[in-house]
Visitor: 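What follows is a structure written as structure tokens; I'll ask about it next.
The structure presented is a predicted model; accordingly, all values stated were derived computationally and were not measured.
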Amino acid sequence: MARKPPTKPRKNASQERSRATVDALVEATARILVREGFEKASTNRIAEIAGVSVGSLYQYFPSKEALVAAVIDRHNDEIMQIVRAAFVEVADMPVEKAVRRLVTVAIEAHHIDPNLHRVLAEQIPRSGRLAEVEAFNHEVHALVRAYFESRRKEMRKIDLDMATFICVSAIEAVAHNTVLHQAEMQSDKTVKTLVDETTRMVVGYLRPSG
């Protein structure tokens, strides 16, 4: 059985110069993944694009897989900052208005560097970052569940855990697929229609009938 490459950084960058080196390496890795793919993302190539020596790269990262993992972590952190801010924003909104805002934010968040998002979706299993991604998913579910709990009176009698799973899954699928089919989904008009229809679907599921 092949030995799994290490994916954890060798050390954390504490000084400004060190952080700049790490940032350059992570950015170079992201650019190569998008332009050339995982197979061509060698440590030599990454160091060249970053403008640092291979020796400097290995001071911080033991393998290209560790660099890919760092790119995934950075991308997920950017998305989660937007998502967390959105939940603060919708805390006092009624269900329909909140769902519309959350659907909009989900689509916007998935369009942070959509080409990179597509590549990373393929690389997450081989990068060893499934557990970290799952932690983000748990956080999103907890945020949605807490919001639903606060708005029970606006919703039909429903198991909130099930409602959370269904609504998050539906919104995530729409947002993710707009990235996979970017060419057909990039116009403002199409995005607005997606937001309208997804909101209608989710709110219709949550609200009492009649």
Side-chain angles (χ1 to χ4, degrees), residues 1-88 104-140 142-143 172 175-183 185-186 191:
M1 184 175 177
R3 184 170 169 269
K4 189 177 179 181
T7 58
K8 291 185 177 180
R10 290 189 188 278
K11 64 178 181 179
N12 292 320
S14 55
Q15 297 181 349
E16 186 175 341
R17 184 176 177 182
S18 299
R19 288 196 297 270
T21 299
V22 169
D23 288 344
L25 288 166
V26 174
E27 182 59 34
T29 305
R31 286 166 57 189
I32 293 169
L33 286 172
V34 170
R35 294 178 183 176
E36 303 173 27
F38 178 84
E39 300 306 329
K40 293 185 179 179
S42 67
T43 51
N44 285 333
R45 180 77 175 127
I46 292 166
E48 177 189 352
I49 295 296
V52 303
S53 69
V54 176
S56 293
L57 181 155
Y58 282 120
Q59 283 183 6
Y60 298 100
F61 297 97
S63 64
K64 75 172 182 179
E65 286 81 7
L67 277 155
V68 173
V71 174
I72 290 169
D73 289 346
R74 184 184 70 171
H75 188 67
N76 284 339
D77 285 340
E78 289 174 348
I79 289 176
M80 285 307 299
Q81 284 179 22
I82 293 172
V83 171
R84 290 177 188 126
F87 276 97
V88 173
T104 301
V105 167
I107 292 174
E108 288 174 351
H110 279 70
H111 279 80
I112 297 174
D113 202 339
N115 292 326
L116 179 62
H117 189 88
R118 283 197 294 273
V119 173
L120 294 184
E122 299 169 359
Q123 298 305 327
I124 284 170
R126 76 199 297 176
S127 73
R129 274 302 185 263
L130 283 170
E132 286 79 0
V133 172
E134 193 59 30
F136 283 123
N137 290 338
H138 282 308
E139 182 179 353
V140 171
L143 290 167
E172 167 67 19
H176 185 66
N177 280 308
T178 62
V179 173
L180 295 182
H181 304 286
Q182 186 190 10
M185 299 292 187
Q186 61 187 348
V191 170

Visitor: Which value, rounded to the nearest 0.5 Å, describes the distance between Asp77 atom CG and Arg84 atom CZ?
Guide: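 Between Asp77 CG and Arg84 CZ, I get 7.0 Å after rounding to 0.5 Å.
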
Visitor: Closer than 3.5 angstrom, by distance alone: can the side chain of Lys64 be matched with the main-chain N or O of Lys40 as a donor-acceptor pair?
Guide: no

Visitor: Given side-chain contact (heavy atoms from CB on, under 4.5 Å), test Ile72 with Val68 step by step and report yes or no.
Guide: CA-CA 6 Å; Ile72 290 169; Val68 173; 4.1 Å; yes

Visitor: Enter the distance from Ser42:OG to Glu48:CD here, rounded to the nearest 0.5 Å.
Guide: 8.5 Å

Visitor: Evaluate the side-chain proximity of Glu78 to Gln81: yes if any heavy-atom separation is below 4.5 Å, no if none is.
Guide: no

Visitor: Does a side-chain heavy-atom distance below 4.5 Å link Thr178 with Val191?
Guide: no

Visitor: To the nearest 0.5 Å, what is the distance between CD (Glu172) and CD1 (Ile107)?
Guide: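 The CD1 atom of Ile107 is 11.0 Å from CD of Glu172, to the nearest 0.5 Å.
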
Visitor: Identify the two heavy atoms, one from Phe61 and one from Ala70, that lie closest to each other, and give their separation to 0.1 Å.
Guide: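 That would be CE2-CB, 3.9 Å.
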
Visitor: If I compare all heavy atoms of Ala50 with all of Ala24, which pair ends up nearest, and what's the gap?
Guide: CB-O, 3.6 Å

Visitor: For Leu33 versus Phe38, what's the shortest heavy-atom pair and its separation?
Guide: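 Shortest heavy-atom contact: CD2-CA, 3.8 Å.
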
Visitor: Is the shortest side-chain heavy-atom distance between Ile49 and Glu27 below 4.5 Å?
Guide: no

Visitor: For residues Arg45 and Ile32, determine if any side-chain heavy atom of one lies less than 4.5 Å from a side-chain heavy atom of the other.
Guide: yes

Visitor: For Val26, which of Thr29, Asp23, Val22 qualifies under side-chain contact (heavy atoms from CB on, under 4.5 Å)?
Guide: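 Checked Thr29, Asp23, Val22 against Val26; only one passes side-chain contact (heavy atoms from CB on, under 4.5 Å): Val22.
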
Visitor: If I compare all heavy atoms of Ser18 with all of Tyr60, which pair ends up nearest, and what's the gap?
Guide: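 The pair with the smallest heavy-atom distance is OG-OH, 3.1 Å.
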
Visitor: Might you point out which heavy atoms bring Ala28 and Ile46 nearest each other, and give the distance in Å?
Guide: CB-O, 3.7 Å

